[in-house]
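Read the numbers this way: they start at 1 and go in the same order the structure lists the ligands and their atoms. Note that these values count all heavy atoms, side chains included, but never hydrogens, waters or copies made by symmetry.
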Amino acid sequence: MIKGQRTPTESGCPDGFQYMHPLLRKHYGHCAYHEDPRPGVLKHTAHGGDAIYTVRAGTQRILDLFTLRKLCDIGDQYAEGYVRFTIRSNIEYMVADVSKVEPLIAALEKEGFVVGGTKNSVAMISHTQGWLHCDIPGTDASGVVKSMMDELIDEFKNWNMPNRVHITTSCCQINCGGQGDIAINIQHTKPPKINHDLVANICERPSVVARCPVAAIRPALVNGKPSLEVDEKKCICCGACYPPCTPMQINDPEHTKLAIWVGGNHSNARSKPTFQKLVAAGIPNNAPRWPEATAIVKKILQTYKDNARDWERLSDWIERIGWPQFFELTELPFTKFHVDNWRGARNSLNASTHIRF
Ligand code: SF4
Ligand code: SF4
């Protein structure tokens, strides 16, 4: 540290080891194998024989203080005082004593939490922040997750699927979301509407112009005031101009839709990583229960469950049967725009720093 500089009071994430169950800390990096005694429970055994049980319950991610306190009280009373959250918003309790597992599950279920989400189940949908923290959402991610998980509760609680299924949502078209076997993403279908009275006061015009991936935005004078204009023929309705310039409103109750993408896989453990592909577009962004999107996700999951072989992830299954067969089995309408394998990306996507006019 430079002499005279104040001591930082906060710098990055705190050291996670201080919050870890002592047995996990002791054997960190020395797990010999793990087993799945029942849905929602994992047993990890270290070299040397020590074992620890993890009980997993789904949460709504955006937790109020009372629910958090309740979850912590359950951890103090029925577990061993240690919890952690997974990237898919599940809470996990670690216990070294096997006799605590069933009473812990009973306590969680009594309070309305659902235990599951391990092995070949549908894990909790990973959702983005939506209205609560973010400035650009076009839907309420938490609402979509809640509506879908209400209908997928049995798939969360049981091992019914050929392999694990990860589902994600995103509440705008350009940022988070999309790390899953199935992704439910926002899809804008109309260019932004510009409020010219506000642009000059609010927006840094050069950065908005630079933000557009297809160079569709130009500076313009409107009613004598500096503003912007959009070449609607070029605009791909991505919404990237809306975060730096809120007067370029793109969210719209009618024209902001949902789209469903499937087959993404980040891991290269057993097969190559894969891109997701669009399989359903223009789905109504129909709050508060999003029945149309939920019905499509359920149909895809049911078809995967009925047709895939054991251990095939969604992407492996589609790879084996082929996309035509996928559309036939799921009864989703197929158009030439739906499947892009990105091989033609040089023509269909602005993939370079060069701007094409
Ligand atoms: S998906 Fe978009 S709107 Fe939603 S939290 Fe992420 S950046 Fe914000
Ligand atoms: S929505 Fe996207 S493509 Fe259209 S003007 Fe804005 S940044 Fe450009």
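- The pair D150-R289 meets the salt-bridge criterion, with a side-chain N (NZ, NE, NH1 or NH2) lying under 4.0 Å from an Asp/Glu carboxylate O.
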Under 3.5 Å, sequence neighbours excluded: what are the donor-acceptor pairs made by side chains of residues 30-49?
none

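- V101 and W159 end up in different hydrophobic clusters when Ile, Leu, Val, Met, Phe, Trp and Tyr side chains are linked at under 4.5 Å.
- Taking the six-membered ring for Trp and thresholds of 30 and 60 degrees, F326 and W323 have ring planes more than 60 degrees apart, a perpendicular arrangement.
- Protein N/O/S atoms found under 2.8 Å from atom 2 (Fe) of ligand 2: C238 SG.
- Ring centers of Y93 and Y78: at least 6.0 Å apart, outside the cut-off.
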* Show your working on salt bridge (Lys or Arg N to Asp or Glu O under 4.0 Å) between D50 and K26 and close with a plain yes or no. => CA-CA 10 Å; D50 281 347; K26 182 175 165 203; 3.4 Å; yes

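- Near atom 6 (Fe) of ligand 1, less than 2.8 Å away, sit the protein N, O or S atoms C176 SG.
- R309 places none of its side-chain heavy atoms less than 4.5 Å from the side chain of W317.
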* How far apart are the C-alpha atoms of C212 and C241, what are their side-chain angles, what is the distance that settles it, and do they pass the disulfide bond (SG atoms under 2.5 Å apart) test? -> CA-CA 6 Å; C212 180; C241 48; over 6 Å; no

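- For the ring-ring contact (aromatic ring centres under 6.0 Å, His included) test, residues two or more places apart in sequence or in another chain that qualify with Y82 are H21.
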